[in-house]
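Below is one structure, written out as structure tokens; the observations come after it.
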Amino acid sequence: MKKKLMIILLIILIVIGGLGAAAYFVFGGKSEKSEADKSIDEIVASSVDIEEITTNLKSDNIIRLAIKLETDSDKSKEELQKRDFQVKDAVISLLADTNANEIEGDKGKETFKKELKGKINSYLQEGKVEKVYITSFNLQ
């Protein structure tokens, strides 16, 4: 009798656990759209263009680049547009400590984008920058 009761309880626990896991995956998870779920129109609508910046690198090279910043909401886009001077300052500051060989390849550009994203997100109070795109790049 005790064995049957234990087996029944174990089966009930397994069923409840399975139903809980299924409910989490069906109804839970992220409520926000993931990047893959966003249409190109939504990405463009939530993005901010930063005009072309020309500055010197640590290695005495000159770099000219323009970037586009994809935000996670309209509020963060509005705030970012107001903070464009801080974004430009962050770009110039990061590049001033960068040698030409550190930013030339894909790996260097990705490192720069990651550092810039972190620095810009530290300024924002509403939302965040999800992705940094380099839309123009000229290294001399």
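Reckoned from all heavy atoms, side chains included, excluding hydrogens, waters and symmetry mates. Along the sequence shown, the residues carry numbers beginning at 1.
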- Message: Can you list, by chain and residue number, the hydrophobic cluster partners of Leu65 when the side-chain cut-off is 4.5 Å?
- Response: Val48, Ile50, Ile53, Leu57, Ile63, Ile67, Leu69, Leu80, Val87, Val91, Ile92, Leu94, Leu95, Ile103, Phe112, Leu116, Ile120, Leu124, Val129, Val132, Ile134, Phe137, Leu139

- Task: Report the hydrophobic cluster partners of Ile62, with the cluster defined as I, L, V, M, F, W, Y residues connected by side-chain heavy atoms closer than 4.5 angstrom, directly or transitively.
- Result: none

For residues [X] and [Y], determine if any side-chain heavy atom of one lies less than 4.5 Å from a side-chain heavy atom of the other.
X: Lys88; Y: Glu51; answer: yes
X: Gln140; Y: Asn138; answer: yes
X: Lys119; Y: Ser93; answer: yes

Examine distances only and state if a side-chain atom of [X] and a backbone atom of [Y] form a donor-acceptor pair shorter than 3.5 Å.
X: Ser46; Y: Ser73; result: no
X: Lys77; Y: Ala45; result: yes
X: Lys117; Y: Glu130; result: yes

Let me confirm one number: the [atom1]-[atom2] distance from [X] to [Y], rounded to the nearest 0.5 Å.
X: Thr111; Y: Asp106; atom1: OG1; atom2: CG; value: 10.5 Å
X: Gln86; Y: Ser122; atom1: CD; atom2: OG; value: 8.5 Å
X: Glu126; Y: Ser76; atom1: CD; atom2: OG; value: 8.0 Å
X: Ile12; Y: Ile7; atom1: CD1; atom2: CD1; value: 12.0 Å

- Do Lys58 and Glu102 sit within salt-bridge range, that is, some charged N less than 4.0 Å from a carboxylate O? no

- Is a salt bridge present between Glu110 and Lys107, judged by a nitrogen-to-oxygen distance below 4.0 Å? no

- Item | CA sep, side-chain torsions, deciding dist, call: Ile43, Ser39, side chain to side chain contact (heavy atoms under 4.5 Å, CB included) | CA-CA 6 Å; Ile43 292 172; Ser39 72; over 6 Å; no

- Taking every non-hydrogen atom, the tightest pair across Ala100 and Ser59: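 In this case the closest contact between Ala100 and Ser59 is N-OG, 3.0 Å.
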
- Item | Residues forming a side chain to side chain donor-acceptor pair (under 3.5 Å) with Lys128, sequence neighbours excluded |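 Testing Lys128 for side chain to side chain donor-acceptor pair (under 3.5 Å), a comparison that skips the adjacent residues, returns none.
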
- Task: Let me see the working for Arg83 and Glu79 under salt bridge (Lys or Arg N to Asp or Glu O under 4.0 Å), right down to the final yes or no.
- Result: CA-CA 6 Å; Arg83 293 180 180 272; Glu79 182 182 0; 2.8 Å; yes

